[in-house]
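Only this structure's heavy atoms are used, side chains among them; waters, hydrogens and symmetry mates stay out. The chains referred to below are lettered A, B, ... by the order of the sequence lines, with proteins before strands, and numbering in each begins at 1.
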2 protein chains.
Amino acid sequence: MENSQIIAQTSDKHCTHDIKVSCGSCRLNTICMPVSLHIDDIDQLNKIIQRGRPLHKGEYLYRAGDPFTAVYAIRSGAVKALTISDSGNEQVTGFYLPGEVVGLDGLANNTHTNSVIALETSSICEIPFNRLEEVSMQLPKLQRHFLQLMSREITQEQQIISLLGKSSAEARIASLLLSISTRNSSRSLSSTQFLLPMSRTDIGNYLGLTIETVSRTFARLQKARVISVDKKEVSINDIAGLQQLAKGAE
Amino acid sequence: MENSQIIAQTSDKHCTHDIKVSCGSCRLNTICMPVSLHIDDIDQLNKIIQRGRPLHKGEYLYRAGDPFTAVYAIRSGAVKALTISDSGNEQVTGFYLPGEVVGLDGLANNTHTNSVIALETSSICEIPFNRLEEVSMQLPKLQRHFLQLMSREITQEQQIISLLGKSSAEARIASLLLSISTRNSSRSLSSTQFLLPMSRTDIGNYLGLTIETVSRTFARLQKARVISVDKKEVSINDIAGLQQLAKGAE
DNA sequence: TATTTGACTTGATGTGAATCAACGTTCGGT
DNA sequence: ACCGAACGTTGATTCACATCAAGTCAAATA
């Protein structure tokens, strides 16, 4: 196994362009493809993964309609996925943070139904799907993991559906913040202080709220001393309180 | 291939209990597992599928928390899937009609996150997952089909998310009716006249509306001569109009 | 047949978020 | 350093849907 240890930077400024990290040494490998693989299995996985140049803010990873050829693991940065609904509106369908995998929407018809756009400069691992399928044939665990990724996506979306159907603006925002908090802590980042990678507009679109309501809700949560917000910087002062709000408490 | 041709009845009253239909002769096989398989492949698939006794209205196919062992194809009748959200509310996550497959929610954690309940007397094909996995190893097409089923579930849910985030009560109801209409026609049933298998309460829960709003919206659509409703019986008088409403037109 | 029960409808009123509008702030480009 | 555009905040008003409340209807039970 090669010994390259260049860890991708979260900061835009010092982002390393010449990225060579093996899956074995990537600090995200417990999230991205957390399969207990033998060393040569990892090697095999490693060989098929391509690491591209960083994607800059606003650039597309792929567009709705593009042929489906690969799935993508976020290595650093953040992206949003969105579809154009029947009514012609953009709908943000998800935010993806380092260690998470996008692109599964393409499987149904061999065509992506979502577009994915970088929210900040991001580095991405491309995993060609036909190669992944081949390797999976020999590694049932990898196969299974892949199904689990999809299944998890389904259950997550069901939570969003419940959120949109039944919850107040406050509960929606609280849930989003808690979701990001949890995902940060699983990457050993702070669960109480972080930068939101997405705009208010994106948040509103994702949660089915107008930008004004998002803004007011942040203000309200801050006045209630549950969080502090300054622009994109959020700190959670009262997690328990936020969880109550997410559940719809007064 | 055996020649049993007992077709499951949609009607509750004459439902055949002693069901023996092979996948090869099932009239739903173009929807359920539309894989172009050789005859012996179908035979192989056929062997692993278990056909249970019919499930009566209100009975559970499985419950949230049950271990994941199988996926299920609806052969006749209809079921609803629901989760208990964090806030403790029931959330109907989907309705499943003949030819459609439920149970994919269990893959993420080897445990079902949804419960599935019969809306009317239904017969169900149980497809044990470990056997399916084995067979898939030898039949890449089946493997691929299965991934497509999941991917389709994801994209469908994204449409619901968009619906709940951005659309009026009218658009939501219109979309649901169109969805059922489309799915009916793919089973060669009428796309303009059908019985709703679910209650107003279920519809409201699914679409994030109160039962009163569901009722009033049906009434409004009827007054606008777009549909006719009598209890559970719906006929669509103006599909184009309904499509406009689903898109959010005035 | 009377009686309860659950599913649905219809009307009157209240409210949370959308809309409309104005203004402040940050950022990218020259 | 300046400018315009995009992003964000805050306030006043409106509106679609929720809530509250009564009542209808059909099937289930006794």
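- Note on residues 81-98 of chain B: no pairs pass salt bridge (charged side-chain N to carboxylate O under 4.0 Å, His left out), not counting sequence neighbours.
- Side-chain atoms of A/N237 and A/S228 form a donor-acceptor pair, as typed in the model, at a separation below 3.5 Å.
- Direction change of the helix axis from one end of the helix from C/dT1-D/dA30 to C/dT30-D/dA1 to the other is 50°, with five pairs defining each end axis (rounded to 10°).
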Next on the checklist: Please encode protein proximity along nucleotides 11-27 of chain D as a string of B, S and -, counting only heavy-atom distances under 4.0 Å.
Outcome noted: BB----SSBB-------

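- In this view, B/N205 and A/K166 satisfy the side chain to side chain donor-acceptor pair (under 3.5 Å) rule, not counting sequence neighbours.
- Looking at B/N114, its side chain never comes within 3.5 Å of a backbone N or O of B/A81 through a donor-acceptor pair.
- Between the side chains of B/S199 and B/D202, at least one donor N or O lies within less than 3.5 Å of an accepting N or O.
- Looking at B/F218 and B/I203, their side chains come closer than 4.5 Å, going by heavy atoms from C-beta outward.
- Considering every non-hydrogen atom in both A/S181 and A/S191, the closest pair reads OG-O, 2.6 Å.
- Among the protein residues, B/K232 comes within range of the sugar-phosphate backbone only, with heavy atoms under 4.0 Å from sugar or phosphate atoms but none that close to a base.
- The side chain to side chain donor-acceptor pair (under 3.5 Å) test applied to B/E100 returns B/R183, not counting sequence neighbours.
- Among all heavy-atom pairs drawn from B/F68 and B/V71, the shortest one is CE1-CG1, 4.0 Å.
- If you look at B/Y96 and B/Y72, their ring centroids are not closer than 6.0 Å.
- The separation between A/N205 atom CG and D/dG8 atom C1' is 16 Å, rounded to whole Å.
- Reading DNA chain C from its 5' end, the first and the last nucleotide to sit under 4.0 Å from a heavy atom of chain B are C/dC8 to C/dA12.
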